[in-house]
K.L.:
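Structure incoming, see below.
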Amino acid sequence: MVPAGLLYQLYERRLVRGLDRANVPRHVGVILDGNRRWARGLGAPVAHGHRRGADKISELLHWCEDAGVEVVTLWMLSTDNLDRDAAEVVELLEIIAGAVETIAASGRCLRVMGSLDLLPEPVAERLRAAEGRAQGRPGLQVNVAIGYGGRHEITDAVRALLRERAAAGQSIEEVAAEIGVDDITDHLYTRGQPDPDLVIRTSGEQRLSGFLLWQSVHSEYYFCEVYWPDFRRVDFLRALRDYAQRERRLGR
């Protein structure tokens, strides 16, 4: 009888060989969902799930680089998550800050997205410092969405646009007459980057929950049943395979 581990390796190799590298998404968004349920299933503290989920990020980034993905956006903490039990939030923020610093130390380009003013200032400062150390690097670009909400992002973009135009001396009537889709896009957290081609959500939930609302208008969605800490390379490769097999009409 063939050992299960060997069967897994053979299947993974088959998926790698079958990967359509001419049709790999440039930008992949990932909703890292299921850490708490994974921990509870083991009878472990919730923080154990968050730590295991943070450890999984490094693996995912390696898989993305191997596949030829250019940009990855990881939703690590939503604005709604901040309403959880205070003790859990404090521990989660510490885990997230450490994970972001690890990404910065890995030599990858890093962008922090979200309403950092909603976070404790020491945490926000750690995130800004990590981003500052990791800007302008070549290779995979990693966006980390922390204290992030899609509606907050669009609101922030509009505010930034209005402030910019006001500073240039334009009236609100002039801005209203001129404003277009591209003006909003140019003030989003992801400005200068391609929109996500593929959005993956783990844990079996089939909704976006506000993730990249503006940018995902033409994205393909892939919902994976496994919790984020159990997400494997074969799960990622299946998502890429599914993406490559779809006919992308982009509204046409």
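The figures here come from the full heavy-atom set of this structure, side chains too, leaving out hydrogens, waters and symmetry mates.
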K.L.:
Any side-chain to backbone donor/acceptor pair from S115 onto L118? Under 3.5 Å, distance only.
P.N.:
no

K.L.:
Tell me whether V71 is reachable from L140 by hopping between hydrophobic residues (I, L, V, M, F, W, Y) whose side-chain heavy atoms are closer than 4.5 Å.
P.N.:
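L140 and V71: separate clusters.
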
K.L.:
Working note: E94 + R126, criterion side chain to side chain contact (heavy atoms under 4.5 Å, CB included); need CA distance, chi angles, decisive distance, verdict.
P.N.:
CA-CA 10 Å; E94 178 63 28; R126 287 176 66 183; 3.0 Å; yes

K.L.:
Would you say D20's side chain and A244's backbone share a donor-acceptor pair under 3.5 angstrom?
P.N.:
no

K.L.:
Do V24 and V72 sit in one hydrophobic cluster, given that two such residues count as connected whenever their side-chain heavy atoms are within less than 4.5 Å of each other, even indirectly?
P.N.:
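Yes; V72 is reachable from V24 via cluster members.
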
K.L.:
For A104 versus R137, what's the shortest heavy-atom pair and its separation?
P.N.:
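Result for this residue pair: O-NH1, 2.6 Å.
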
K.L.:
Which heavy atom of A99 sits nearest a heavy atom of M76, and at what distance?
P.N.:
CB-CE, 4.0 Å

K.L.:
Please check if the number of heavy atoms outside R151 that lie under 6.0 Å from its CZ is greater than 12.
P.N.:
no

K.L.:
Is V199 close to Y222 at the side-chain level, that is, under 4.5 Å between some pair of heavy atoms?
P.N.:
no

K.L.:
Just verifying a value: how many Å separate I96 CD1 and L127 CG, rounded to the nearest 0.5 Å?
P.N.:
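Going from CD1 on I96 over to CG on L127, the span is 8.5 Å.
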
K.L.:
Do L19 and L15 come close enough that some side-chain heavy atom pair is under 4.5 Å?
P.N.:
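Side-chain contact under 4.5 Å: no.
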
K.L.:
CD of E220 to CG of D242: how many Å apart, nearest 0.5 Å?
P.N.:
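Those atoms lie 8.5 Å apart.
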
K.L.:
Measure the shortest side-chain to side-chain distance between V142 and I57 over non-hydrogen atoms and say whether it is less than 4.5 angstrom.
P.N.:
no

K.L.:
I want to check something: taking the side chain as every heavy atom from C-beta on, are I31 and L74 in contact at a cut-off of under 4.5 Å?
P.N.:
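I31 does not reach L74 side chain to side chain.
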
K.L.:
Nearest heavy-atom pair of H48 and W38: which atoms, and what distance?
P.N.:
CD2-CZ3, 3.5 Å

K.L.:
Are any side-chain N or O atoms of S219 and backbone N or O atoms of P196, one a donor and one an acceptor, separated by less than 3.5 Å?
P.N.:
yes

K.L.:
Give a yes or no answer on whether the side chain of E131 reaches the backbone of V112 with a donor-acceptor pair at less than 3.5 Å.
P.N.:
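Yes, the answer is positive, given that a donor and an acceptor are paired below the 3.5 Å cut-off.
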
K.L.:
In plain terms, say whether R165 and E174 are close enough for a salt bridge, that is, a side-chain N and a carboxylate O under 4.0 Å apart.
P.N.:
no

K.L.:
For the atom pair CH2 (W75) and CZ (F211), what is the distance rounded to the nearest 0.5 Å?
P.N.:
7.0 Å

K.L.:
Any side-chain donor-acceptor pair under 3.5 Å between S209 and R201?
P.N.:
yes

K.L.:
Grab the two heavy atoms, one from L116 and one from A124, that are nearest each other, plus how far apart they are.
P.N.:
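Shortest heavy-atom separation between L116 and A124 comes out as O-CB, 3.7 Å.
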
K.L.:
Do N143 and Q193 pair up side chain to side chain, a donor and an acceptor below 3.5 Å, judged on atom types alone?
P.N.:
yes

K.L.:
Answer with yes or no whether the hydrophobic clustering places V16 together with L10; edges join I, L, V, M, F, W, Y residues whose side-chain heavy atoms lie under 4.5 Å apart.
P.N.:
no

K.L.:
Does a salt bridge link R128 with E121, judged by any charged N lying under 4.0 Å from a carboxylate O?
P.N.:
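E121 and R128: salt-bridged.
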
K.L.:
Take L208 and S216 through the side chain to side chain contact (heavy atoms under 4.5 Å, CB included) test and state the conclusion after the steps.
P.N.:
CA-CA 9 Å; L208 291 183; S216 64; 3.8 Å; yes

K.L.:
If you round to the nearest 0.5 Å, how far is CZ of R246 from CG of L198?
P.N.:
7.0 Å

K.L.:
Please round to the nearest 0.5 Å and tell me the distance separating atom SG of C64 and atom CD of E70.
P.N.:
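So the gap between those two atoms works out to 11.5 Å.
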
K.L.:
Under the criterion side chain to side chain contact (heavy atoms under 4.5 Å, CB included), I'd like the reasoning laid out for M113 against L212: C-alpha separation, chi angles, the key distance, then a yes or no.
P.N.:
CA-CA 11 Å; M113 302 169 23; L212 300 178; 4.0 Å; yes

K.L.:
Looking at A157 and L188, what are the two nearest heavy atoms and their distance?
P.N.:
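Scanning both residues, the minimum pair turns out to be CB-CD2, 3.8 Å.
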
K.L.:
Do H50 and E88 come close enough that some side-chain heavy atom pair is under 4.5 Å?
P.N.:
yes

K.L.:
Is there a path from V144 to I95 through hydrophobic residues (I, L, V, M, F, W, Y) whose side chains come within less than 4.5 Å of each other?
P.N.:
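Not linked; separate clusters.
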
K.L.:
Short question: side chain of Q135, backbone of G132 - any donor-acceptor pair under 3.5 Å?
P.N.:
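The answer is no, because no donor-acceptor pair under 3.5 Å joins these two groups.
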
K.L.:
Go through Y243 and Y221 one step at a time and tell me if the side chain to side chain contact (heavy atoms under 4.5 Å, CB included) criterion holds.
P.N.:
CA-CA 8 Å; Y243 170 85; Y221 306 137; over 6 Å; no

K.L.:
For Q141 and H27, does a side-chain donor sit closer than 3.5 Å to a side-chain acceptor?
P.N.:
no

K.L.:
Quick check: is I146 connected to V90 through a chain of hydrophobic side chains (ILVMFWY, heavy atoms under 4.5 Å apart)?
P.N.:
no

K.L.:
What are the two closest non-hydrogen atoms of P229 and G49, and how far apart are they?
P.N.:
CG-O, 4.0 Å

K.L.:
Main chain of R232, side chain of D235: is a donor-acceptor contact present, judged purely on distance under 3.5 Å?
P.N.:
yes

K.L.:
Sort out for me which residue in D197, T73, I200 forms a side-chain contact (heavy atoms from CB on, under 4.5 Å) with V28.
P.N.:
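Of the listed options, the one satisfying the test is I200.
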
K.L.:
Atom CZ of residue position R14 - does it have more than 12 heavy atoms of other residues, nucleotides or ligands inside 6.0 Å?
P.N.:
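12 or below, so no.
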
K.L.:
Distance-only, no hydrogens or angles: does the R26 side chain make a donor-acceptor pair with backbone N or O of D195 under 3.5 Å?
P.N.:
no

K.L.:
According to the salt bridge (charged side-chain N to carboxylate O under 4.0 Å, His left out) rule, which pairs have a member within residues 37-53, sequence neighbours left out?
P.N.:
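Residue pairs passing salt bridge (charged side-chain N to carboxylate O under 4.0 Å, His left out), neighbours aside: D33-R37, R37-E205, R51-E91, R52-E59.
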
K.L.:
Looking only at atom types and distance, does a side-chain atom of H152 sit under 3.5 Å from a main-chain N or O of Y148, one as donor and one as acceptor?
P.N.:
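Not a single qualifying donor-acceptor pair exists.
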
K.L.:
Output yes when a side-chain donor or acceptor of D230 lies under 3.5 Å from a complementary backbone atom of Y227, and no otherwise.
P.N.:
no

K.L.:
Measuring from atom CG of L240 to atom CG of N23, what distance do you get when rounded to the nearest 0.5 angstrom?
P.N.:
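Output value for this atom pair is 10.0 Å.
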
K.L.:
Flag the pair V89 / L92 as yes when at least one side-chain heavy-atom distance between them is below 4.5 Å, and no otherwise.
P.N.:
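Contact flag for V89/L92 side chains = no.
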
K.L.:
When you compare the side chains of W228 and S203, does any donor N or O come within less than 3.5 Å of an acceptor on the partner?
P.N.:
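Judged by distance alone, the side chains do not pair up.
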
K.L.:
Measuring only between side-chain heavy atoms, which start at C-beta, is H187 closer than 4.5 Å to E164?
P.N.:
yes

K.L.:
Will you find, in the side chains of T185 and D182, an N or O donor that is under 3.5 Å from an N or O acceptor?
P.N.:
no

K.L.:
Between L161 and D186, is any pair of side-chain heavy atoms under 4.5 Å apart?
P.N.:
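Side-chain contact under 4.5 Å: no.
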
K.L.:
Do side-chain atoms of S78 reach the backbone of D80 as a donor and acceptor pair under 3.5 angstrom?
P.N.:
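At least one qualifying donor-acceptor pair exists.
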
K.L.:
Y189 and D156: side-chain donor and acceptor closer than 3.5 Å?
P.N.:
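Yes - a donor-acceptor pair under 3.5 Å links their side chains.
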
